[in-house]
Amino acid sequence: MQFTITDKIKNLEIDDIKENLFHYSYDNKSLKALVKNNTSTEDISYISAYSSFKGEIYENIIYELLLEYALSQDEITKFVLKGPYQDKENLFIKSGLLIDSSSQIVYKSAYKDISEFDALFFTKDSVYFVEMSTSKKTASLNKRLVKKCALLKMIFPTLKIKALIVVTAGSTGLRNFPEYATIWTTKDLEDEELIEKIIFAKKVKNDIQTLKAPENKKYIEACKIKYKKFQYFPTLEWILNTSRQNPKFAVDLKFFSSVKLGLFFDIYTKLYIGYINTEEFLELYSEFNLKVKTNRIIVTIEKVNQTELDIVYYVKETNGKLKRVRLEEDNISIKDKELDGFTNAEVRFFMKVLEEKHHLKVENIKHIQKNISLIK
């Protein structure tokens, strides 16, 4: 079913919930400093910080209005509490669907966020994840849906996955969203006085449950939701080992063509298939000159865009840096990866997991490259 936007939400009528907005956590340090230093409102750093802060307030406004909306819709059976309404933050839980230290709804693995959801609610047969944005360009928002949808399919295998997208008037690319997404358009947030008050408001001492949601069985804590656990790193290892089991091929490309593996590509972007040593890699890229730790260059099949897969290599240097290397005919791409990012964590994991049996020869790589288009 399609949920219909109300006039109250469309017009951002917030007089009755304004005070509630001061109970949410905001990242206002940089903006506050810019205002105190009399930074020009035309300065790019001010524009960027202000726009981001306004987006946070907009998200909280829509969440407040949805909290109320859920009570008026009989089809909505459960609505997940976050921010000042949830009972406890799951700070020390390593993995699962939980509330993080910013009081947001996240799915974590090994203390790292796999995905964050601006809001989450359920009907009898579906789970809806909500994304709100004040950016007029929606391409990156649309792209983010792929991973979130795939993850929810994994943890709620018996439910339909739907999205509710809430954007402001004048946003572009609305026709490009997938069929499972309902699009709501509201007016812009233009209450400058409110925004300024929130920038300089004193932080509420205790972020946990400083507001109480109306008594209703629809409201649920994240920790009470029943779902199927998604094991991030064990699943990656299972994919590696299963892809290497076919006696006819070093890597079984047919294995990567199933619907389930398509979901894994959406969640992980890249799937690990083995390693090649430095001497062999020089046959593929003769100008390679990075100093490689443990003489292992990790090989992945990566979803480089929404429709294309390619072989991408990850090089852990002796200085600790991690490089992403992609060898295209007319373009050799070498990029730094963030030290605290998921890719670095994955590579550290595989440095311990990879054995001699996972070694790939140059002819194996060339065979995969030639036939990678067979992966549906």
Side-chain angles (χ1 to χ4, degrees), residues 3-72 82-85 102-105 116-119 129-142 144-145 163-177 181-204 207 210-211:
F3 285 102
T4 307
I5 191 171
T6 62
D7 287 339
K8 182 173 184 177
I9 297 173
K10 188 186 291 184
N11 297 317
L12 297 186
E13 294 170 12
I14 61 170
D15 285 346
D16 57 336
I17 55 123
K18 258 186 189 180
E19 286 305 311
N20 296 353
L21 300 172
F22 291 87
H23 288 254
Y24 287 82
S25 295
Y26 295 94
D27 182 10
N28 64 349
K29 282 182 184 175
S30 58
L31 184 56
K32 197 187 278 190
L34 290 169
V35 173
K36 283 184 175 176
N37 292 333
N38 294 317
T39 306
S40 167
T41 55
E42 304 299 315
D43 190 288
I44 188 72
S45 60
Y46 180 89
I47 293 169
S48 174
Y50 188 83
S51 173
S52 176
F53 189 74
K54 191 160 92 166
E56 286 186 60
I57 298 173
Y58 180 79
E59 179 186 322
N60 294 335
I61 286 172
I62 299 301
Y63 182 80
E64 284 282 335
L65 294 171
L66 281 174
L67 201 66
E68 191 179 82
Y69 180 83
L71 292 182
S72 68
K82 73 166 192 177
Y85 292 99
S102 302
S103 299
Q104 297 294 327
I105 305 163
E116 181 183 307
F117 304 99
D118 292 344
F129 67 100
V130 186
E131 293 295 305
M132 307 101 161
S133 176
T134 52
S135 172
K136 300 298 180 187
K137 294 177 181 176
T138 59
S140 62
L141 169 61
N142 198 342
R144 290 199 302 272
L145 301 190
L164 173 60
I165 311 300
V166 190
V167 292
T168 54
S171 295
T172 59
L174 300 186
R175 291 183 181 177
N176 298 328
F177 280 97
T182 298
I183 314 296
W184 284 1
T185 305
T186 76
K187 71 177 221 179
D188 279 309
L189 172 58
E190 293 170 335
D191 192 336
E192 305 294 336
E193 186 185 344
L194 172 67
I195 295 168
E196 191 164 318
K197 277 183 180 176
I198 294 176
I199 293 171
F200 291 102
K202 285 185 179 177
K203 198 171 188 290
V204 178
D207 285 328
T210 56
L211 290 175

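Because the structure is predicted, anything quoted here is derived from the model rather than measured. Position 1 is the first residue of the sequence, and the numbers go up from there.
Every residue meeting the side chain to side chain contact (heavy atoms under 4.5 Å, CB included) condition with Ala70, not counting sequence neighbours, appears here in chain and number order: Ile76, Phe79. Scored by the side chain to side chain donor-acceptor pair (under 3.5 Å) test, Glu42 finds no partners at all (sequence neighbours excluded). Partners of Ser45 under the side chain to side chain contact (heavy atoms under 4.5 Å, CB included) rule, at least two apart in sequence or in another chain, are Leu34, Thr39, Asp43. Residues that satisfy the salt bridge (Lys or Arg N to Asp or Glu O under 4.0 Å) test with Asp188, not counting sequence neighbours, are Lys136. The side chain to side chain donor-acceptor pair (under 3.5 Å) search around Tyr50 returns Glu192, not counting sequence neighbours. Residues that satisfy the salt bridge (Lys or Arg N to Asp or Glu O under 4.0 Å) test with Glu59, not counting sequence neighbours, are Lys82. Shown here are the side chain to side chain donor-acceptor pair (under 3.5 Å) partners of Thr186, two or more places apart in sequence or in another chain: Tyr58. Residues satisfying the side chain to side chain donor-acceptor pair (under 3.5 Å) test with Asn20, not counting sequence neighbours, are Glu64, Tyr85. Annotation: side chain to side chain contact (heavy atoms under 4.5 Å, CB included) contacts of Thr138 (sequence neighbours excluded): Val167, Ser171, Leu174, Phe177.
Residue pairs satisfying the salt bridge (charged side-chain N to carboxylate O under 4.0 Å, His left out) criterion with at least one member in residues 9-29, sequence neighbours excluded, are listed as follows: Lys8-Asp16, Lys18-Asp191.
Between the Asn142 side chain and the Asn176 main chain, a donor and an acceptor come within less than 3.5 Å of each other. Judged purely by atom type and a 3.5 angstrom limit, Ser72 uses its side chain to pair as donor or acceptor with the backbone of Tyr69.
With a 4.5 Å cut-off on side-chain heavy atoms, Asn60 and Tyr26 count as touching. Looking only at side-chain heavy atoms (C-beta outward), Thr210 and Tyr24 stay at 4.5 Å or farther from each other. Side-chain contact between Leu66 and Trp184: present, with at least one pair of heavy atoms (C-beta onward) separated by less than 4.5 Å. At least one side-chain heavy atom of Leu145 sits less than 4.5 Å from a side-chain heavy atom of Phe129.
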Intermediate values then yes/no, side chain to side chain contact (heavy atoms under 4.5 Å, CB included), Ile198 and Phe22: CA-CA 6 Å; Ile198 294 176; Phe22 291 87; 3.7 Å; yes
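Contact record, Ala119 with Tyr63: CB-CD1, 3.9 Å, taken as the closest heavy-atom pair. Residues Glu116 and Glu131 come closest through the heavy atom pair O-OE2, 3.8 Å.
Of the candidates Ile14, Ile62, Thr134, Leu189, Leu189 is the only one forming a side-chain contact (heavy atoms from CB on, under 4.5 Å) with Ile57.
Once rounded to the nearest 0.5 Å, the distance linking CG of Leu194 with CD1 of Ile199 reads 10.0 Å. Taken to the nearest 0.5 Å, the CG atom of Asn11 stands 8.5 Å off from the OG1 atom of Thr6.
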